[in-house]
Amino acid sequence: MSRCDAHGEGKTGEGRCAMSDPGVIFKRCGCRGQDGRRLEKFCPRLEDRGHGTWYFHCSTTNFLGWSERVRRGGFPSQAAARRARDAWLDATAADRTADGWTVERWLRHWLDSRLRIRPTTRLHYTRDVELVLIPHLGKYRLADLDGPLLRAAFTKIAKVPNRKGLPQSPSAMQHVRNTLRAALNLAVREGLIESNPTRHIEIRGYQRPYAKIWTEGRVEQWEQTGERPAVALWTARHLSTFLDSVVDDPLFALWWLAGLRGLRRGELCGLRWEAVGLDQQVLFVERNRTTAGYRIVEGDPKTAAGQRPVALDRHTVKVLRQHRQHQRDQRARRIAAGKPWFDSGYVFTRPDGLPINPNYATTRFRKLADRSGLPPVRLHDLRHGAASLAHEAGADLKTLQDLLGHSSILVTADTYTSVLPATQQHCADATAKLVLAAARRTRKKIKNKARRNRPPNKTGAPAAAGSQDITERQLRGQNSPAPSPTVAAPERHPRDTHRPKGSVKVKGPTRVSAGQASYDLVRPKGLEPLTF
(Lines give C-alpha, C1' and ligand atoms only; values in the text may rest on other atoms or scores of the structure.)
Protein backbone atom coordinates (compact mmCIF):
# COMPACT_ATOMS: atom_id res chain seq x y z
CA MET A 1 0.00 0.00 0.00
CA SER A 2 1.41 3.39 -0.98
CA ARG A 3 1.77 6.35 1.37
CA CYS A 4 -1.22 7.98 -0.28
CA ASP A 5 -3.33 4.96 0.52
CA ALA A 6 -2.05 4.97 4.08
CA HIS A 7 -3.36 8.48 4.52
CA GLY A 8 -6.57 7.64 2.67
CA GLU A 9 -6.08 10.78 0.61
CA GLY A 10 -4.25 11.91 -2.47
CA LYS A 11 -5.84 9.57 -5.03
CA THR A 12 -6.95 11.00 -8.28
CA GLY A 13 -9.37 9.38 -10.72
CA GLU A 14 -6.95 6.60 -11.77
CA GLY A 15 -5.39 6.17 -8.38
CA ARG A 16 -2.49 8.50 -9.17
CA CYS A 17 -0.84 9.99 -6.14
CA ALA A 18 1.05 13.26 -5.90
CA MET A 19 3.04 13.59 -2.71
CA SER A 20 6.16 15.09 -1.28
CA ASP A 21 7.87 14.06 1.88
CA PRO A 22 6.88 15.13 4.49
CA GLY A 23 3.16 15.44 4.00
CA VAL A 24 0.73 14.71 1.23
CA ILE A 25 -0.48 16.73 -1.74
CA PHE A 26 -3.81 15.69 -3.19
CA LYS A 27 -6.69 16.85 -5.31
CA ARG A 28 -10.41 16.97 -4.60
CA CYS A 29 -13.53 18.76 -5.79
CA GLY A 30 -16.94 19.83 -4.54
CA CYS A 31 -19.16 17.76 -6.82
CA ARG A 32 -22.07 15.91 -5.21
CA GLY A 33 -23.56 12.52 -5.97
CA GLN A 34 -27.17 11.48 -6.30
CA ASP A 35 -27.51 11.19 -2.55
CA GLY A 36 -26.40 14.82 -2.13
CA ARG A 37 -23.05 14.01 -0.57
CA ARG A 38 -19.81 15.54 -1.82
CA LEU A 39 -17.70 13.21 -3.97
CA GLU A 40 -14.42 14.96 -3.17
CA LYS A 41 -11.57 12.51 -3.94
CA PHE A 42 -13.91 9.98 -5.59
CA CYS A 43 -15.13 12.30 -8.30
CA PRO A 44 -14.55 10.65 -11.74
CA ARG A 45 -13.81 14.04 -13.29
CA LEU A 46 -10.70 14.76 -11.23
CA GLU A 47 -8.57 13.78 -14.21
CA ASP A 48 -10.06 16.63 -16.22
CA ARG A 49 -7.86 19.67 -16.46
CA GLY A 50 -9.13 22.54 -14.30
CA HIS A 51 -11.55 20.38 -12.36
CA GLY A 52 -11.10 20.49 -8.58
CA THR A 53 -8.38 22.12 -6.50
CA TRP A 54 -5.17 20.96 -4.84
CA TYR A 55 -4.50 20.53 -1.11
CA PHE A 56 -1.59 19.69 1.13
CA HIS A 57 -1.66 17.89 4.44
CA CYS A 58 1.30 17.66 6.85
CA SER A 59 2.24 17.65 10.54
CA THR A 60 4.01 20.58 12.19
CA THR A 61 5.08 21.71 15.64
CA ASN A 62 3.52 24.79 17.14
CA PHE A 63 5.16 27.27 19.53
CA LEU A 64 4.15 25.11 22.50
CA GLY A 65 6.11 22.17 21.13
CA TRP A 66 2.98 20.19 20.36
CA SER A 67 2.58 18.32 17.09
CA GLU A 68 -0.47 19.44 15.16
CA ARG A 69 -1.77 18.51 11.73
CA VAL A 70 -2.30 21.18 9.11
CA ARG A 71 -4.44 20.99 5.99
CA ARG A 72 -4.64 23.77 3.44
CA GLY A 73 -6.36 23.79 0.07
CA GLY A 74 -7.82 25.77 -2.79
CA PHE A 75 -4.61 25.89 -4.85
CA PRO A 76 -5.06 25.92 -8.64
CA SER A 77 -2.16 23.53 -9.37
CA GLN A 78 -0.06 20.84 -7.79
CA ALA A 79 3.03 23.06 -7.95
CA ALA A 80 1.24 25.86 -6.13
CA ALA A 81 0.18 23.46 -3.39
CA ARG A 82 3.75 22.17 -3.08
CA ARG A 83 5.17 25.69 -2.80
CA ALA A 84 2.62 26.59 -0.13
CA ARG A 85 3.48 23.45 1.81
CA ASP A 86 7.20 24.10 1.66
CA ALA A 87 6.70 27.72 2.73
CA TRP A 88 4.56 26.52 5.62
CA LEU A 89 7.18 24.04 6.79
CA ASP A 90 10.03 26.53 6.39
CA ALA A 91 8.29 29.15 8.54
CA THR A 92 9.03 29.42 12.25
CA ALA A 93 6.79 27.82 14.82
CA ALA A 94 5.55 31.26 15.91
CA ASP A 95 4.63 32.29 12.37
CA ARG A 96 2.86 28.99 11.74
CA THR A 97 0.88 29.39 14.95
CA ALA A 98 -0.16 32.99 14.19
CA ASP A 99 -1.15 32.05 10.66
CA GLY A 100 -2.92 28.84 11.63
CA TRP A 101 -4.55 29.61 14.95
CA THR A 102 -7.84 31.45 15.11
CA VAL A 103 -8.55 34.16 17.64
CA GLU A 104 -11.01 31.83 19.36
CA ARG A 105 -8.36 29.14 19.83
CA TRP A 106 -5.82 31.66 21.09
CA LEU A 107 -8.25 33.23 23.60
CA ARG A 108 -9.08 29.84 25.08
CA HIS A 109 -5.39 28.97 25.30
CA TRP A 110 -4.71 32.31 27.00
CA LEU A 111 -7.41 31.67 29.60
CA ASP A 112 -6.06 28.16 30.28
CA SER A 113 -2.55 29.52 30.75
CA ARG A 114 -3.61 32.15 33.30
CA LEU A 115 -3.12 30.03 36.39
CA ARG A 116 -2.31 32.68 39.00
CA ILE A 117 -5.19 35.12 38.57
CA ARG A 118 -7.93 35.61 41.13
CA PRO A 119 -11.25 33.79 40.59
CA THR A 120 -13.15 37.05 40.18
CA THR A 121 -10.68 38.21 37.51
CA ARG A 122 -11.02 34.89 35.70
CA LEU A 123 -14.79 35.23 35.80
CA HIS A 124 -14.66 38.67 34.18
CA TYR A 125 -12.15 37.52 31.55
CA THR A 126 -14.24 34.46 30.71
CA ARG A 127 -17.39 36.55 30.37
CA ASP A 128 -15.72 38.92 27.91
CA VAL A 129 -14.15 36.08 25.91
CA GLU A 130 -17.21 33.84 25.64
CA LEU A 131 -19.94 36.44 25.27
CA VAL A 132 -18.24 39.20 23.28
CA LEU A 133 -14.84 38.49 21.73
CA ILE A 134 -15.34 34.99 20.32
CA PRO A 135 -18.73 35.76 18.67
CA HIS A 136 -17.27 38.83 16.92
CA LEU A 137 -13.58 38.00 16.39
CA GLY A 138 -13.23 34.26 16.94
CA LYS A 139 -13.26 33.25 13.26
CA TYR A 140 -10.32 35.47 12.24
CA ARG A 141 -6.76 34.23 12.21
CA LEU A 142 -4.38 35.63 14.77
CA ALA A 143 -2.14 37.03 12.04
CA ASP A 144 -5.09 38.87 10.43
CA LEU A 145 -5.75 41.16 13.38
CA ASP A 146 -5.00 44.80 12.67
CA GLY A 147 -6.30 48.23 13.55
CA PRO A 148 -9.08 48.60 10.93
CA LEU A 149 -10.42 45.11 11.62
CA LEU A 150 -10.58 45.67 15.38
CA ARG A 151 -12.14 49.12 15.03
CA ALA A 152 -14.89 47.70 12.83
CA ALA A 153 -15.50 44.84 15.27
CA PHE A 154 -15.66 47.15 18.29
CA THR A 155 -18.09 49.42 16.47
CA LYS A 156 -20.42 46.43 16.09
CA ILE A 157 -19.90 45.35 19.69
CA ALA A 158 -20.83 48.84 20.94
CA LYS A 159 -24.23 48.56 19.21
CA VAL A 160 -25.15 45.24 20.84
CA PRO A 161 -27.69 45.92 23.63
CA ASN A 162 -26.79 44.94 27.17
CA ARG A 163 -29.01 43.32 29.81
CA LYS A 164 -30.97 46.54 30.21
CA GLY A 165 -31.62 46.86 26.48
CA LEU A 166 -29.23 49.81 26.15
CA PRO A 167 -26.07 50.08 24.03
CA GLN A 168 -22.86 49.00 25.67
CA SER A 169 -21.50 51.61 28.07
CA PRO A 170 -18.01 53.07 27.55
CA SER A 171 -16.91 51.37 30.78
CA ALA A 172 -17.97 47.94 29.50
CA MET A 173 -16.25 48.55 26.17
CA GLN A 174 -13.08 49.56 27.99
CA HIS A 175 -13.19 46.34 29.98
CA VAL A 176 -13.52 44.26 26.78
CA ARG A 177 -10.61 46.15 25.25
CA ASN A 178 -8.46 45.48 28.31
CA THR A 179 -9.27 41.76 28.13
CA LEU A 180 -8.30 41.53 24.45
CA ARG A 181 -5.17 43.59 25.06
CA ALA A 182 -4.07 41.25 27.85
CA ALA A 183 -4.60 38.20 25.62
CA LEU A 184 -2.67 39.69 22.70
CA ASN A 185 0.15 40.85 24.97
CA LEU A 186 0.95 37.19 25.53
CA ALA A 187 1.03 36.67 21.75
CA VAL A 188 3.52 39.54 21.47
CA ARG A 189 5.72 38.09 24.22
CA GLU A 190 5.69 34.69 22.52
CA GLY A 191 6.69 36.27 19.21
CA LEU A 192 3.49 35.31 17.38
CA ILE A 193 2.71 38.88 16.36
CA GLU A 194 4.99 41.89 16.18
CA SER A 195 2.80 44.38 18.06
CA ASN A 196 -0.51 44.55 19.84
CA PRO A 197 -3.19 45.90 17.46
CA THR A 198 -5.47 46.96 20.33
CA ARG A 199 -3.37 50.11 20.65
CA HIS A 200 -5.30 51.44 17.63
CA ILE A 201 -8.63 51.18 19.50
CA GLU A 202 -9.93 54.24 21.29
CA ILE A 203 -13.07 53.97 23.38
CA ARG A 204 -14.99 57.20 22.96
CA GLY A 205 -16.78 58.62 25.93
CA TYR A 206 -14.80 56.64 28.47
CA GLN A 207 -13.50 58.60 31.42
CA ARG A 208 -11.86 57.20 34.47
CA PRO A 209 -14.30 57.53 37.39
CA TYR A 210 -13.38 60.40 39.69
CA ALA A 211 -14.71 60.58 43.21
CA LYS A 212 -16.95 63.59 43.84
CA ILE A 213 -17.95 65.04 47.18
CA TRP A 214 -21.61 65.35 48.06
CA THR A 215 -21.78 69.14 48.31
CA GLU A 216 -25.02 71.01 48.91
CA GLY A 217 -25.36 71.82 45.22
CA ARG A 218 -24.91 68.19 44.16
CA VAL A 219 -27.38 67.04 46.79
CA GLU A 220 -30.02 69.47 45.48
CA GLN A 221 -29.41 68.35 41.91
CA TRP A 222 -29.72 64.70 42.94
CA GLU A 223 -33.00 65.39 44.73
CA GLN A 224 -34.40 67.10 41.63
CA THR A 225 -33.09 64.87 38.84
CA GLY A 226 -32.02 61.65 40.53
CA GLU A 227 -28.60 61.80 38.86
CA ARG A 228 -25.65 60.77 41.00
CA PRO A 229 -21.88 60.50 40.43
CA ALA A 230 -20.38 57.12 39.62
CA VAL A 231 -18.13 57.43 42.68
CA ALA A 232 -19.53 59.65 45.44
CA LEU A 233 -18.10 60.49 48.84
CA TRP A 234 -19.72 61.46 52.10
CA THR A 235 -18.32 64.28 54.16
CA ALA A 236 -17.46 63.79 57.83
CA ARG A 237 -20.90 65.14 58.76
CA HIS A 238 -22.61 62.66 56.42
CA LEU A 239 -20.63 59.74 57.81
CA SER A 240 -21.35 60.66 61.41
CA THR A 241 -25.07 60.96 60.59
CA PHE A 242 -25.07 57.50 59.00
CA LEU A 243 -23.22 55.90 61.92
CA ASP A 244 -25.67 57.46 64.37
CA SER A 245 -28.58 55.98 62.42
CA VAL A 246 -27.14 52.41 62.37
CA VAL A 247 -25.72 52.26 65.88
CA ASP A 248 -28.17 49.43 66.76
CA ASP A 249 -27.42 47.38 63.63
CA PRO A 250 -25.68 44.02 64.27
CA LEU A 251 -23.02 44.96 61.67
CA PHE A 252 -22.36 48.42 63.11
CA ALA A 253 -18.68 47.55 63.64
CA LEU A 254 -18.36 46.62 59.97
CA TRP A 255 -19.73 49.99 58.82
CA TRP A 256 -17.44 51.71 61.34
CA LEU A 257 -14.29 49.98 60.05
CA ALA A 258 -15.25 50.57 56.42
CA GLY A 259 -15.91 54.27 56.98
CA LEU A 260 -12.93 55.10 59.22
CA ARG A 261 -10.24 52.54 58.37
CA GLY A 262 -11.00 51.97 54.68
CA LEU A 263 -10.97 48.15 54.61
CA ARG A 264 -12.26 46.41 51.49
CA ARG A 265 -15.50 44.46 51.60
CA GLY A 266 -13.70 41.14 51.19
CA GLU A 267 -11.19 42.03 53.91
CA LEU A 268 -13.99 42.83 56.35
CA CYS A 269 -15.94 39.66 55.58
CA GLY A 270 -12.77 37.55 55.90
CA LEU A 271 -11.58 39.13 59.15
CA ARG A 272 -11.08 36.70 62.06
CA TRP A 273 -10.80 37.39 65.77
CA GLU A 274 -7.37 35.78 65.88
CA ALA A 275 -6.11 38.60 63.62
CA VAL A 276 -7.48 41.34 65.90
CA GLY A 277 -5.39 42.58 68.80
CA LEU A 278 -7.64 44.79 70.89
CA ASP A 279 -5.08 45.28 73.64
CA GLN A 280 -2.42 46.24 71.09
CA GLN A 281 -4.92 48.42 69.17
CA VAL A 282 -4.16 46.79 65.82
CA LEU A 283 -5.73 44.32 63.40
CA PHE A 284 -4.01 42.34 60.65
CA VAL A 285 -5.52 41.95 57.17
CA GLU A 286 -4.66 38.38 56.15
CA ARG A 287 -7.67 36.95 54.28
CA ASN A 288 -10.05 38.14 51.58
CA ARG A 289 -13.55 36.70 51.27
CA THR A 290 -15.33 37.63 48.05
CA THR A 291 -17.66 36.22 45.40
CA ALA A 292 -17.16 34.99 41.84
CA GLY A 293 -20.65 34.88 40.44
CA TYR A 294 -22.69 32.85 42.92
CA ARG A 295 -19.63 31.15 44.39
CA ILE A 296 -17.86 32.40 47.51
CA VAL A 297 -14.07 32.44 47.25
CA GLU A 298 -11.71 33.04 50.13
CA GLY A 299 -7.97 33.48 49.80
CA ASP A 300 -5.15 35.96 50.12
CA PRO A 301 -5.78 39.70 49.80
CA LYS A 302 -5.99 41.34 46.42
CA THR A 303 -2.28 42.26 46.30
CA ALA A 304 0.84 41.33 48.24
CA ALA A 305 0.71 44.77 49.86
CA GLY A 306 -2.81 43.95 51.03
CA GLN A 307 -1.42 41.85 53.90
CA ARG A 308 -0.88 44.66 56.34
CA PRO A 309 -1.45 45.83 59.91
CA VAL A 310 -4.11 48.48 60.50
CA ALA A 311 -3.85 50.69 63.58
CA LEU A 312 -6.97 51.19 65.70
CA ASP A 313 -7.89 54.16 67.83
CA ARG A 314 -9.36 53.77 71.30
CA HIS A 315 -12.93 54.39 70.17
CA THR A 316 -12.63 51.76 67.42
CA VAL A 317 -11.31 49.28 69.99
CA LYS A 318 -14.35 50.04 72.16
CA VAL A 319 -16.68 49.42 69.20
CA LEU A 320 -15.04 46.05 68.49
CA ARG A 321 -15.23 45.02 72.16
CA GLN A 322 -18.95 45.77 72.21
CA HIS A 323 -19.39 43.80 68.97
CA ARG A 324 -17.56 40.77 70.42
CA GLN A 325 -19.69 40.89 73.56
CA HIS A 326 -22.84 41.07 71.43
CA GLN A 327 -21.64 38.01 69.48
CA ARG A 328 -21.05 36.10 72.72
CA ASP A 329 -24.50 36.99 74.03
CA GLN A 330 -26.04 35.84 70.75
CA ARG A 331 -24.18 32.54 71.00
CA ALA A 332 -25.42 31.99 74.57
CA ARG A 333 -29.03 32.70 73.59
CA ARG A 334 -28.97 30.26 70.68
CA ILE A 335 -27.40 27.49 72.74
CA ALA A 336 -29.95 28.06 75.52
CA ALA A 337 -32.75 27.85 72.94
CA GLY A 338 -31.34 24.62 71.51
CA LYS A 339 -30.44 26.17 68.20
CA PRO A 340 -27.15 25.38 66.43
CA TRP A 341 -24.18 27.70 66.68
CA PHE A 342 -20.98 27.43 64.63
CA ASP A 343 -17.77 28.75 66.14
CA SER A 344 -16.33 29.93 62.82
CA GLY A 345 -14.01 32.48 64.36
CA TYR A 346 -15.08 35.28 62.01
CA VAL A 347 -15.66 38.77 63.32
CA PHE A 348 -18.80 39.40 61.27
CA THR A 349 -21.18 36.46 61.20
CA ARG A 350 -24.75 35.47 60.61
CA PRO A 351 -27.08 34.72 63.57
CA ASP A 352 -25.86 31.08 63.54
CA GLY A 353 -22.17 32.00 63.70
CA LEU A 354 -21.25 31.32 60.06
CA PRO A 355 -19.50 34.09 58.10
CA ILE A 356 -21.69 36.48 56.16
CA ASN A 357 -21.95 36.51 52.39
CA PRO A 358 -20.12 39.55 50.92
CA ASN A 359 -23.10 40.26 48.69
CA TYR A 360 -25.30 40.46 51.81
CA ALA A 361 -23.04 43.19 53.19
CA THR A 362 -23.48 45.20 49.99
CA THR A 363 -27.26 44.80 49.97
CA ARG A 364 -27.55 45.57 53.68
CA PHE A 365 -25.51 48.74 53.38
CA ARG A 366 -27.61 50.01 50.47
CA LYS A 367 -30.80 49.57 52.47
CA LEU A 368 -29.38 51.30 55.54
CA ALA A 369 -28.07 54.20 53.47
CA ASP A 370 -31.50 54.68 51.87
CA ARG A 371 -33.18 54.69 55.29
CA SER A 372 -30.79 57.30 56.64
CA GLY A 373 -31.97 59.84 54.02
CA LEU A 374 -28.42 60.66 52.99
CA PRO A 375 -27.29 60.98 49.37
CA PRO A 376 -26.43 57.53 47.98
CA VAL A 377 -22.94 56.02 48.02
CA ARG A 378 -21.66 52.49 47.45
CA LEU A 379 -20.09 50.34 50.13
CA HIS A 380 -16.74 50.59 48.33
CA ASP A 381 -17.12 54.38 48.29
CA LEU A 382 -16.61 54.34 52.05
CA ARG A 383 -13.04 53.22 51.30
CA HIS A 384 -12.51 56.32 49.15
CA GLY A 385 -14.07 58.46 51.85
CA ALA A 386 -11.85 56.99 54.58
CA ALA A 387 -8.74 57.87 52.56
CA SER A 388 -9.97 61.42 51.95
CA LEU A 389 -10.92 61.98 55.59
CA ALA A 390 -7.55 60.68 56.77
CA HIS A 391 -5.84 62.98 54.27
CA GLU A 392 -7.85 65.91 55.57
CA ALA A 393 -6.86 64.99 59.13
CA GLY A 394 -3.18 65.33 58.17
CA ALA A 395 -2.09 61.86 56.97
CA ASP A 396 0.51 61.88 54.19
CA LEU A 397 0.29 59.74 51.06
CA LYS A 398 2.72 57.09 52.31
CA THR A 399 0.64 56.57 55.43
CA LEU A 400 -2.50 56.32 53.30
CA GLN A 401 -0.81 53.78 51.02
CA ASP A 402 0.02 51.56 54.00
CA LEU A 403 -3.48 52.02 55.42
CA LEU A 404 -5.24 51.03 52.19
CA GLY A 405 -2.80 48.29 51.19
CA HIS A 406 -1.82 49.64 47.78
CA SER A 407 1.23 48.30 45.97
CA SER A 408 1.79 51.69 44.29
CA ILE A 409 1.49 55.15 45.78
CA LEU A 410 0.21 56.41 42.41
CA VAL A 411 -3.05 54.50 42.93
CA THR A 412 -3.44 56.17 46.32
CA ALA A 413 -2.75 59.64 44.94
CA ASP A 414 -4.81 59.41 41.74
CA THR A 415 -7.81 57.31 42.70
CA TYR A 416 -8.43 57.10 46.43
CA THR A 417 -7.63 60.60 47.68
CA SER A 418 -10.13 63.30 46.83
CA VAL A 419 -9.61 66.77 48.26
CA LEU A 420 -12.49 67.56 50.59
CA PRO A 421 -14.05 71.07 50.79
CA ALA A 422 -12.45 71.76 54.18
CA THR A 423 -9.00 71.01 52.79
CA GLN A 424 -9.66 73.20 49.78
CA GLN A 425 -10.84 76.02 52.08
CA HIS A 426 -7.69 75.75 54.16
CA CYS A 427 -5.56 75.85 51.01
CA ALA A 428 -7.46 78.87 49.68
CA ASP A 429 -7.10 80.76 52.97
CA ALA A 430 -3.39 79.99 53.18
CA THR A 431 -2.82 81.14 49.59
CA ALA A 432 -4.72 84.39 50.08
CA LYS A 433 -2.86 85.03 53.36
CA LEU A 434 0.48 84.55 51.62
CA VAL A 435 -0.37 86.96 48.79
CA LEU A 436 -1.81 89.62 51.11
CA ALA A 437 1.27 89.45 53.37
CA ALA A 438 3.51 89.96 50.34
CA ALA A 439 1.39 92.95 49.26
CA ARG A 440 1.69 94.54 52.72
CA ARG A 441 5.44 94.11 52.67
CA THR A 442 5.64 95.69 49.22
CA ARG A 443 3.54 98.70 50.26
CA LYS A 444 5.62 99.18 53.39
CA LYS A 445 8.83 99.05 51.37
CA ILE A 446 7.57 101.67 48.90
CA LYS A 447 6.40 103.89 51.74
CA ASN A 448 9.78 103.71 53.49
CA LYS A 449 11.62 104.48 50.28
CA ALA A 450 9.42 107.51 49.63
CA ARG A 451 10.05 108.78 53.17
CA ARG A 452 13.82 108.46 52.71
CA ASN A 453 13.76 110.30 49.36
CA ARG A 454 11.74 113.26 50.75
CA PRO A 455 14.01 116.28 51.65
CA PRO A 456 14.35 116.73 55.42
CA ASN A 457 12.76 119.79 57.08
CA LYS A 458 14.67 120.80 60.19
CA THR A 459 12.39 123.69 61.29
CA GLY A 460 9.22 121.73 60.83
CA ALA A 461 7.95 124.07 58.06
CA PRO A 462 6.61 122.53 54.87
CA ALA A 463 9.22 121.63 52.28
CA ALA A 464 7.41 123.74 49.71
CA ALA A 465 8.28 126.93 51.62
CA GLY A 466 12.01 126.24 51.36
CA SER A 467 11.66 125.65 47.67
CA GLN A 468 9.85 128.95 47.28
CA ASP A 469 12.64 130.87 49.14
CA ILE A 470 15.33 129.44 46.87
CA THR A 471 13.33 130.29 43.80
CA GLU A 472 12.81 133.92 44.94
CA ARG A 473 16.53 134.31 45.63
CA GLN A 474 17.29 133.10 42.14
CA LEU A 475 14.84 135.69 40.78
CA ARG A 476 16.41 138.57 42.73
CA GLY A 477 19.91 137.64 41.76
CA GLN A 478 22.97 136.57 43.65
CA ASN A 479 24.02 140.15 44.75
CA SER A 480 20.62 141.09 46.12
CA PRO A 481 20.36 141.02 49.87
CA ALA A 482 18.53 137.96 50.95
CA PRO A 483 16.07 138.05 53.77
CA SER A 484 16.88 136.25 56.95
CA PRO A 485 16.56 132.58 56.16
CA THR A 486 13.76 130.87 57.89
CA VAL A 487 14.44 127.51 56.33
CA ALA A 488 17.83 125.85 56.30
CA ALA A 489 19.25 124.80 52.97
CA PRO A 490 18.51 121.17 52.18
CA GLU A 491 21.38 118.90 52.96
CA ARG A 492 22.48 115.99 50.86
CA HIS A 493 20.94 112.73 51.97
CA PRO A 494 23.17 109.69 51.60
CA ARG A 495 20.35 107.60 50.06
CA ASP A 496 18.91 110.43 47.92
CA THR A 497 19.40 109.24 44.36
CA HIS A 498 17.91 112.46 42.89
CA ARG A 499 20.63 114.71 44.39
CA PRO A 500 24.02 114.85 42.66
CA LYS A 501 27.21 114.12 44.54
CA GLY A 502 28.36 117.44 45.96
CA SER A 503 26.44 120.39 47.31
CA VAL A 504 24.12 122.52 45.23
CA LYS A 505 26.00 125.54 43.92
CA VAL A 506 24.41 128.54 42.25
CA LYS A 507 27.04 129.95 39.88
CA GLY A 508 25.25 133.09 38.94
CA PRO A 509 21.99 134.92 38.75
CA THR A 510 19.30 133.25 36.81
CA ARG A 511 18.13 135.44 34.06
CA VAL A 512 14.41 135.44 33.59
CA SER A 513 12.48 137.00 30.80
CA ALA A 514 9.81 139.47 31.56
CA GLY A 515 6.98 137.18 30.54
CA GLN A 516 8.28 134.08 32.29
CA ALA A 517 6.59 133.13 35.49
CA SER A 518 8.41 131.74 38.47
CA TYR A 519 6.75 128.33 38.19
CA ASP A 520 8.22 127.90 34.68
CA LEU A 521 11.72 127.60 36.10
CA VAL A 522 13.36 124.26 36.49
CA ARG A 523 13.66 123.27 40.09
CA PRO A 524 17.13 122.54 41.40
CA LYS A 525 18.15 118.90 41.30
CA GLY A 526 17.01 117.10 44.42
CA LEU A 527 13.81 119.11 44.76
CA GLU A 528 11.82 117.50 41.95
CA PRO A 529 8.46 116.03 43.05
CA LEU A 530 8.78 112.35 43.88
CA THR A 531 6.87 109.93 41.69
CA PHE A 532 6.32 106.17 42.07
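When reading the values below, keep in mind they use all heavy atoms of this one structure, side chains included, and skip hydrogens, waters and symmetry mates.
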For the side chain of [X] and the backbone of [Y], is there at least one donor-acceptor N/O pair under 3.5 Å apart?
X	Y	result
Thr363	Tyr360	no
Arg199	Gly147	no
Trp214	Pro376	yes
Arg314	Gln281	no
Arg383	Gly262	yes
Arg289	Ile296	no
Gln221	Glu227	no
Trp234	Thr241	no
Arg261	Ala311	yes
Gln401	His406	yes

What pairs of residues pass the ring pair (Phe, Tyr, Trp, His ring centres under 6.0 Å) test when at least one of them lies in [range], not counting sequence neighbours?
range	result
residues 265-323	Trp256-His315, His323-Phe348
residues 144-174	none
residues 131-153	none

Next item on the list: Kindly indicate, with the supporting measurements, whether the criterion side-chain contact (heavy atoms from CB on, under 4.5 Å) is fulfilled by Arg189 and Leu186.
Entry: CA-CA 5 Å; Arg189 291 194 298 269; Leu186 178 60; 3.6 Å; yes

Inter-residue atom distance [X].[atom1] - [Y].[atom2], 0.5 Å rounding:
X	Y	atom1	atom2	value
Tyr125	Leu180	OH	CG	11.5 Å
Gln330	Lys339	CD	NZ	10.0 Å
Asn288	Gln307	CG	CD	10.5 Å
Leu283	Leu312	CG	CG	4.5 Å
Arg364	Asn357	CZ	CG	14.5 Å
Thr126	Leu107	OG1	CG	10.5 Å

Beyond-backbone contact of [X] with [Y], side-chain heavy atoms, under 4.5 angstrom:
X	Y	value
Arg287	Asp300	yes
His391	Leu400	yes
Phe252	Leu368	no
Leu145	Ile193	no
Val231	Asp381	yes
Leu239	Leu260	yes
Tyr346	Leu354	no
Pro375	Arg228	no

Residues at least two apart in sequence or cross-chain that pass salt bridge (charged side-chain N to carboxylate O under 4.0 Å, His left out) with Asp343, listed by chain then number, are Arg331

What closest approach, in Å, do [X] and [Y] show between heavy atoms, and which atom pair accounts for it?
X	Y	answer
Ala292	Leu123	C-CD2, 3.5 Å
Val276	Leu278	CG1-CD2, 3.6 Å
Trp255	Ala361	CH2-O, 3.5 Å
Val103	Leu137	CB-O, 3.2 Å
Gly385	Leu233	N-CD2, 3.6 Å
Gly306	Glu267	O-OE2, 4.4 Å

Run Asp146 and Arg151 through salt bridge (charged side-chain N to carboxylate O under 4.0 Å, His left out) and show every step you take. CA-CA 9 Å; Asp146 55 10; Arg151 282 195 293 268; over 6 Å; no

Between [X] and [Y], do the side chains contain an N or O donor and an N or O acceptor separated by less than 3.5 Å?
X	Y	value
Thr198	Asn196	yes
Thr235	Arg237	no
Arg265	Thr362	yes

Can I get a per-line list of side-chain donor-acceptor pairs under 3.5 Å for residues 167-175, giving both atom names and the distance, sequence neighbours left out?
from	atom 1	to	atom 2	distance (Å)
Gln168	NE2	Val160	O	3.2
Ser169	OG	Ala172	N	3.2
His175	ND1	Asp128	OD2	2.7

* To do: Take Val24 and Tyr55, measure what side-chain contact (heavy atoms from CB on, under 4.5 Å) needs, and give me the verdict at the end.
  => CA-CA 8 Å; Val24 179; Tyr55 292 74; over 6 Å; no

Test Leu184 against Leu142 for side-chain contact (heavy atoms from CB on, under 4.5 Å), laying out the working first.
CA-CA 9 Å; Leu184 297 183; Leu142 197 60; 4.0 Å; yes

Contacts satisfying side chain to side chain donor-acceptor pair (under 3.5 Å) that involve residues 428-441 (not counting sequence neighbours) are Gln425-Asp429

Kindly check if the number of other-residue, nucleotide or ligand heavy atoms within 6.0 Å of CD (Glu194) is above 12? no

Check: Does CD belonging to Glu216 count more than 12 external heavy atoms closer than 6.0 Å?
Finding: no

>> I'd like to know whether Leu254 forms a side-chain contact (heavy atoms from CB on, under 4.5 Å) with Val347, so could you lay out the CA-CA distance, the side-chain angles of the two residues, the decisive distance to 0.1 Å, and finally the verdict.
In response: CA-CA 9 Å; Leu254 189 147; Val347 176; over 6 Å; no

task: Please determine if Lys398 and Asp396 form a salt bridge, counting it only when a charged side-chain N lies under 4.0 Å from a carboxylate O.
output: no

_Salt-bridge criterion met for Arg108 and Glu130 (N-O under 4.0 Å)_ = yes

